[in-house]
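Notes follow the structure.
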There are 2 protein chains.
Amino acid sequence: MPAIKDVARRAGVSVATVSRVLNDHPSVRADTRERVLAAVADLGYRPNAVARSLRTDQTRTLGLVISDVLNPFFTELARSVEDAARELDYSVVIGNADERPDLQDHHVRTLMDRRIDGLLVSPTDGGSPMMLAAARAGTPMVFVDRWIEGEGLDRVPVIRTDGRGAIRALVAHLCALGHRRVAIIAGPAATTTGRERVDAFRSALREFGLELYEDHIGQGDFQADSGRRVTARFLDLPHPPDAIFAADNLMALGAMDEIRARGLRVPADVALAAFDDIPWFVHTDPPITAIAQPTGALGRAAVTALIDLVEGRPAESVTLSARLVTRRSCGEPERSKP
Amino acid sequence: MPAIKDVARRAGVSVATVSRVLNDHPSVRADTRERVLAAVADLGYRPNAVARSLRTDQTRTLGLVISDVLNPFFTELARSVEDAARELDYSVVIGNADERPDLQDHHVRTLMDRRIDGLLVSPTDGGSPMMLAAARAGTPMVFVDRWIEGEGLDRVPVIRTDGRGAIRALVAHLCALGHRRVAIIAGPAATTTGRERVDAFRSALREFGLELYEDHIGQGDFQADSGRRVTARFLDLPHPPDAIFAADNLMALGAMDEIRARGLRVPADVALAAFDDIPWFVHTDPPITAIAQPTGALGRAAVTALIDLVEGRPAESVTLSARLVTRRSCGEPERSKP
DNA sequence: TCCTTCCATGTAATCGATTCCAATCACATG
DNA sequence: CATGTGATTGGAATCGATTACATGGAAGGA
């Protein structure tokens, strides 16, 4: 693989001149530029990004640590982040934490070792040591979707979706359809989205004169298996719930598995709704009512904020809103239309 | 961020000694090692991977260029690749080509610029110039799932799934259920999996005395929209097919969208089957019969082969087999069980 | 014609590691 | 006591770029 000095030799100039041509420095004579460019083309030379990064102390790379790649919400987020970053000539390196704090720490460490310019995180747990260290050390950092609190973290912008409005709409929908004993499969209490969704659900229920009983709050971990387990516990209760709200789409999948395994029907026996909409929800049996996040906008806003930080501009937190997409998993749709 | 010389200064040794401690070189006195390690801990020092890579000419990073992150098959593949690589202390950088040759080229270029140690590709089109150049330049490279032919590419191992057996089983299944006018939504002809699935389907049909008519072969591009379009064309035919086989799961999703939009029913009006099984297929209406690939094994085998190449060992191609998972989208299941 | 100024280019330091080679020292051997 | 051996350690080159500073020559003004 040719290096800059090979190009220099072939073009009969010094490496400095080659470097200037490569970086569009103005003071290079036109014919010299031509000669260098010709040499570059002849050799198929490409600048070594590793060497360049060492010298300039920037990698034009962003790290994205997400909780679970298999969750379509995060895949979509990753995709929009990559698209937005590419527009601005940045690359993205994804680390999949698989909802495991140790893996999250591993990825943050690896990314920091690689000297990425900025870090986009959707934190899994309360306080990964590496992440705190990175934030304190002044690494440009932005939280997406979820965030954590802690000292040194108050200056980290949070790009997220507020689900309260949509959750309230969902509760209204459930009430209108006659559901009274509603339950929630919550995310880990260590995550903000985990807690927030339970809180919003509880407040909305109260507003409608309903209560969220302790044994109708199941602890999940945002993965399918936990949805199955929690649903099993709900259905074994002396008075099982007549509606279940899963705090993410994978737990909803698990819930469906369990409901189906018991020969029960959605929504006749138990209604089901999920946070995070995905294309497949249109085609499940029945189509699942879900709360949709503006994933593309979320990813774009996150990249904008992070790159602002990286390039020394101030960045602010952004909160977008989710919206309810009504389908048939909570009961027949309102008879508003014929 | 402290550098090796800061550690050296604090420990009262030279950078050479620090480097030796960091790389477990045997000839360092125990107490010196302790002092260095203490300094490392005090400063929270982490070696700069960029500098190390420049010097050693290896990044311990693998590139993975996939056709479409939003396709659950590839997400799962990416995940298993990352897991396998991490076991062996390698990182993975994913490039999403989105089924676009230009993006594929962009990612291969970026990864090569970053001097990754090896490249794992599931090629989108026939012959990306950067990819050919990389292969010819001797970059360790392995194809997963799909592959391309071309000079310089014959030494590149291919880790893939052979779908012929499973496709034959699918055709048998369709025949047994009385379907005669079967159609296929094919992948791009430029991809091997695109062509192979059509060929295997055609041969299997012939074996069962059926024919695959030209207008029952729809050109898709492995994305949902094309599934919709092709299905629309099928259903507009004077004699529409009574069974549709989608060459991947996203096109199956598109097909379902279109079928449902027309108020038709699966499988009563038209049967549906897909290549690539995903968790959601259990819960669609009806559950979709699909051909499942051993994704985890595929990813692991690919990483093993690539790292063998990277570390100078020979590597061989691997072919695994897919299997048919019968559900209800082609008709009622065989009455083998009560 | 001589000096100033500017343009184009080269020289060399630098980024943070790794590693070859040389130097030092303690100790053992003859 | 002189010399050889092996264990530790340091000095300095190196990887491939970028960039401050120096240099040489041409052009312009007095």
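Note that the coordinates shown come from a computational prediction; the quantities given were computed from them, not determined experimentally. Residue numbering restarts at 1 for every chain, and letters A, B, ... go by the order of the sequence lines.
The nearest heavy atom of DNA chain D to A/A51 and to B/T17 marks one nucleotide each, and the one closer to the 5' end goes with B/T17. With DNA chain D read from its 5' end, the first of the two nearest nucleotides for A/M1 and B/P26 is the one closest to B/P26.
Salt-bridge check for B/R10 with B/D42: passed, with a basic side-chain N closer than 4.0 Å to an acidic carboxylate O. Salt bridge annotation for B/D105-B/R109: present, with a cationic side-chain nitrogen under 4.0 angstrom from a carboxylate oxygen. Between B/D83 and B/R79 there is a salt bridge, since a side-chain N of the basic residue sits under 4.0 Å from a carboxylate O of the acidic one.
Here B/T32 reaches the OP1 or OP2 of D/dT9: one of its side-chain N or O atoms lies under 4.0 Å away. Contact annotation: B/R55 does not reach the phosphate of C/dT19 (side-chain N/O to OP1 or OP2, under 4.0 Å). One finds no side-chain N or O of A/K5 lying less than 4.0 angstrom from the OP1 or OP2 phosphate oxygen of D/dA17. Between B/S19 and C/dA17 there is no side-chain polar atom (N or O) within less than 4.0 angstrom of OP1 or OP2. Between D/dT18 and A/N23, a contact under 4.0 Å exists linking OP1 or OP2 to a side-chain N or O. Here B/R52 reaches the OP1 or OP2 of C/dT18: one of its side-chain N or O atoms lies under 4.0 Å away.
If you check every strand for non-hydrogen atoms under 4.0 Å, A/A16 touches a base. No engagement by B/V18 is indicated, since no non-hydrogen atom pair under 4.0 Å with the nucleic acid exists. Within the nucleic acid shown, B/V28 comes within 4.0 Å of sugar-phosphate atoms alone, with no base atom in reach, counting heavy atoms only.
Between D/dA12, D/dT18, C/dA17, one nucleotide has an atom nearer to the side chain of A/T56 than all others, and that is D/dT18.
Look at NE2 on A/H25: it is 13 Å from P on C/dG10, rounded to the nearest Å. Taking atom CD of A/Q58 as the reference point, atom P of C/dT14 lies 21 Å away to the nearest angstrom. The separation between A/I4 atom CD1 and D/dG16 atom P is 11 Å, rounded to whole Å. For A/N48 and D/dT14, the CG to P distance is 18 Å, given to the nearest whole Å. As a whole-Å value, the separation of B/D6 CG from C/dA17 C1' is 13 Å. The distance from atom CG of B/L22 to atom P of C/dT18 is 6 Å, rounded to the nearest whole Å. The CZ-P distance, from A/R46 to D/dA17, rounds to 11 Å in whole Å. What separates CG of B/L54 from C1' of C/dA17 is a distance of 8 Å, to the nearest Å.
Listed for the B/T304 side chain is a donor-acceptor partner under 3.5 Å among the backbone atoms of B/R300.
Considering every non-hydrogen atom in both A/T61 and A/Y90, the closest pair reads N-CD2, 3.9 Å.
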Residues B/R114, B/T59; criterion side chain to side chain donor-acceptor pair (under 3.5 Å); working and verdict: CA-CA 8 Å; B/R114 295 246 145 83; B/T59 50; over 6 Å; no
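Under 3.5 Å, the side chain of A/R20 and the base of C/dG10 form at least one donor-acceptor pair of N or O atoms.
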